[in-house]
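Report on one structure; see the data block that follows.
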Amino acid sequence: MPNFYRLYGLESASAAGASADAQRASTTAHNAELRVRALEESLAKTLMICEALWELVRDKGGLTDADLFAKIQEVDLRDGVLDGKNQVKAFPCPQCQRTVSTRHARCLYCGHTFSKSTFDL
Ligand SMILES: [Zn+2]
């Protein structure tokens, strides 16, 4: 580093800035890791509850695991793709037929209000 930078204190300011950036990045990464862990625990609990509910329905309702798998496939195909998900990204507006995103509650073109499924993200 040229003496010019040391002379005017730019070296230490730059190093301090880099250190602060590194600290913020580390904190951000740590917080993201904590959120992922919380989501994993929440997902594990949700899966356990789904399993318990399925076993209650199966055992008390006379259904079989084959019935469940058939229903899962039926629901999976509602978005047109058998991919383990049922989340449509875009669809034609029922009023104006323009393609719209599921992120919006209303059509951006004509204002039509969409009725979303309880299970849409
Ligand atoms: Zn529309």
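Just follow the structure's listing: the first ligand is 1, and inside any ligand the first atom is 1.
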Spacing of Arg106 atom CZ and Gln95 atom CD [to the nearest 0.5 Å]: 10.5 Å
Counting only pairs under 3.5 Å, give me each side-chain donor-acceptor contact of residues 54-68, with atom names and distances, residues two or more places apart or in other chains.
from, atom 1, to, atom 2, distance (Å)
Trp54, NE1, Asp65, OD1, 3.0
Arg58, NH1, Asp65, OD1, 3.4
Thr64, OG1, Ala66, N, 3.3
Thr64, OG1, Asp67, N, 3.2
Thr64, OG1, Asp67, OD2, 3.2
Asp67, OD2, Thr64, N, 2.8

Sidechain N-carboxylate O distance under 4.0 Å for Glu41, Lys45: no
Short side-chain to backbone donor-acceptor contact, Ser26 and Ala22, under 3.5 Å: no
Heteroatom count (protein N, O or S) under 2.8 Å of the Zn ion (ligand 1): 4
Results of side-chain hydrogen bond (donor to acceptor under 3.5 Å, both in side chains) for Glu74 - residues two or more places apart only: Lys71, Arg78
Partners passing salt bridge (Lys or Arg N to Asp or Glu O under 4.0 Å) against Arg35 (at least two apart in sequence or in another chain): none
